[in-house]
Amino acid sequence: MVVKVLFFGVLTEVTQTSCKHYNDVNSISHLKFRIQDDFPEIVHYNFRISVNNEIINDDAVLNDGDEIAFMPPFSGG
Amino acid sequence: MVVKVLFFGVLTEVTQTSCKHYNDVNSISHLKFRIQDDFPEIVHYNFRISVNNEIINDDAVLNDGDEIAFMPPFSGG
Amino acid sequence: MSNNILIPGPVTHDLITAYLNAISNRTDAGGHSCFIGQVRADNIAGKRVKAIEYSAYEKMVRPEADQIINMILSEFDDVKSIDILHSVGIVKAGEISLFVLVSAGHRHHAIQACSKTVELIKEKLPVWKKEIFNDNSHEWKQNNLA
Amino acid sequence: MSNNILIPGPVTHDLITAYLNAISNRTDAGGHSCFIGQVRADNIAGKRVKAIEYSAYEKMVRPEADQIINMILSEFDDVKSIDILHSVGIVKAGEISLFVLVSAGHRHHAIQACSKTVELIKEKLPVWKKEIFNDNSHEWKQNNLA
């Protein structure tokens, strides 16, 4: 299985990308672990996570094709 | 001496005019008495009074050439 | 822009556009709050409002407006400018009778100051409105103050 | 008007004029409150902001905006319509990045609902801003929520 991970705002600089695919991650906690492995600096930033456009606050199971977004605090307006 | 009296809003209907001159009135209380004599219906209306563009709350002496306005509650906007 | 508060007849869209086009000249303003008052075609006891006729104590309008503007500027120190336009004469249903535009460095003062300016206009500006119905009868109105 | 929230580049005066010209179609609305957010040429540590670059989680913007609009409509029952335009991409100092227009029967709901809509946009719309300085350095910003 593969999931699509989007990064926004300052996180695009931390990760040097706005989109990255991850294989074989079965939960948010697992994905976060993999992302911290790739981008250790990300631990210094605040962000919220959405799965398929819904913001989630707890761990969640991931399925093939899910779109996960890592979003720093909003600053529109 | 003569003073100029302006009526606004609904008071223009009570008095059938927007401007009337009064001779030999030496105070606001005197002027109100004269106006009530001319337009008895005016006692049924709320209004504030200004003398030369300043709203006054008490009696006041009037001088030749003063402009007095009888103003019902404002309703701009 | 013009220094006149009172506009004969409706406040036109062109006039509002001119004021809004001018705001980009201020690069110190981050928020502009604007209020537009429009004549409603209210139904009252089976009659429809077709217009409002505004009258004013014209020579007191400018000094009262200046006093409102000074009150706002002293209460909201982030406010950069305040514009007020008010109709005098006939304004038909659907037409605009009041335009208030407040520019400030940040949104909170812009929004609060605009809101308070509208309330002060209702309270302090020597203007009177007469609703004219579709059968040409009329009724003098009194503001509900906040 | 258009159903799009996001506008590439600045919100133009022409677009704002088009929205404001449309308000006279509603003869049930007596008050329109509008907020315009503009990029300030702030000076920060000796550098001047020359533009803001906005980015967005584009596919989440419409549903989040709809949620904001529904919250406002359920809290303020006198509100007739709510329009929101937000820039994405580069907006230069002096240009407009946000336009909110709320129409209501009476002024209080128009003003309060517009103010709350602006706060909810800052809080809930998945948009990010990057200030770009005159030396081309930049800084990501975070909103101060009310």
Side-chain angles (χ1 to χ4, degrees), chain A residues 1-22 25 27-28 31-32 34-36 38-77, chain D residues 5-7 11 35-40 49 52-68 84-89 91 95-100 114-132 137-146:
Chain A
M1 61 86 85
V2 59
V3 299
K4 182 182 181 183
V5 180
L6 305 176
F7 300 101
F8 289 99
V10 67
L11 298 181
T12 60
E13 297 190 356
V14 175
T15 63
Q16 296 294 313
T17 186
S18 58
C19 178
K20 191 168 159 69
H21 291 84
Y22 280 86
V25 285
S27 68
I28 287 292
L31 175 64
K32 283 166 85 171
R34 293 272 300 275
I35 287 175
Q36 284 177 31
D38 290 346
F39 313 108
E41 283 296 306
I42 205 167
V43 300
H44 301 303
Y45 292 86
N46 288 320
F47 50 81
R48 282 189 289 179
I49 295 173
S50 71
V51 178
N52 302 328
N53 307 338
E54 292 284 340
I55 287 176
I56 55 148
N57 296 306
D58 302 306
D59 200 7
V61 170
L62 293 177
N63 297 300
D64 189 49
D66 281 349
E67 180 175 296
I68 299 101
F70 280 65
M71 303 183 290
F74 304 147
S75 52
Chain D
I5 302 292
L6 293 176
I7 303 292
V11 178
F35 180 79
I36 294 172
Q38 180 175 318
V39 174
R40 274 192 316 274
V49 173
I52 288 179
E53 184 174 1
Y54 290 94
S55 50
Y57 190 1
E58 303 212 2
K59 78 161 97 157
M60 268 187 78
V61 164
R62 181 78 247 176
E64 289 293 325
D66 285 341
Q67 211 180 318
I68 291 169
I84 299 171
L85 300 176
H86 195 300
S87 292
V88 63
V91 183
E95 290 181 334
I96 294 165
S97 59
L98 174 63
F99 175 70
V100 177
C114 182
S115 170
K116 184 142 188 189
T117 302
V118 173
E119 296 309 315
L120 289 173
I121 287 168
K122 299 252 173 193
E123 185 187 327
K124 294 184 175 299
L125 217 59
V127 174
W128 295 271
K129 73 169 81 162
K130 186 169 82 170
E131 285 182 345
I132 301 170
S137 62
H138 70 261
E139 186 176 319
W140 291 93
K141 300 294 288 183
Q142 189 169 333
N143 278 342
N144 295 316
L145 297 177

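Quick caveat, the model's predicted, so the values are computed rather than measured.
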Peer 1: Under a plain distance cut-off of 3.5 Å, with no hydrogens placed, do A/Y22 and A/D66 share a side-chain donor-acceptor pair?
Peer 2: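 Distance-only check fails for A/D66 and A/Y22.
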
Peer 1: Under the 6.0 Å and 45° cation-pi test, does A/R48 pair with A/F70?
Peer 2: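 A/R48 over A/F70 ring: no.
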
Peer 1: Checking heavy atoms, do the side chain of D/Y54, its backbone, both or neither come under 4.5 Å from chain A?
Peer 2: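 Looking at D/Y54, just its side chain touches chain A.
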
Peer 1: For chain A, which of D/E139, D/K59, D/E53 has the most heavy-atom pairs under 4.5 Å?
Peer 2: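 Of D/E139, D/K59, D/E53, D/K59 has the most heavy-atom pairs under 4.5 Å with chain A.
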
Peer 1: Could you check whether D/E64 pairs with D/K124 (Lys NZ or Arg NE/NH1/NH2 to Asp/Glu carboxylate O, under 4.0 Å)?
Peer 2: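 No, D/E64 and D/K124 are not salt-bridged.
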
Peer 1: Tell me which of these, A/P72, A/S75, A/S50, has more heavy-atom pairs under 4.5 Å with chain D than the rest.
Peer 2: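 Highest number of pairs under 4.5 Å: A/S75.
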
Peer 1: Tell me, out of A/I55, A/N46, A/V10, who's got the most heavy-atom pairs with chain D below 4.5 Å.
Peer 2: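 That would be A/V10.
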
Peer 1: With a 4.5 angstrom heavy-atom cut-off, could you sort out which part of A/T12 is near chain D: side chain, backbone, both or neither?
Peer 2: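 Side chain only.
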
Peer 1: Side chain, backbone, both or neither: which part of D/W128 has a heavy atom under 4.5 Å from chain A?
Peer 2: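 Answer is both: backbone and side chain atoms of D/W128 are under 4.5 Å from chain A.
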
Peer 1: Taking atom OH of D/Y57 and atom CG of D/L125, what is their separation to the nearest 0.5 Å?
Peer 2: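 D/Y57 OH to D/L125 CG: 13.5 Å, rounded to 0.5 Å.
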
Peer 1: How far does CZ of A/F39 sit from CZ of A/R34, to the nearest 0.5 angstrom?
Peer 2: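 One gets 11.0 Å once the value is rounded to the nearest 0.5 Å.
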
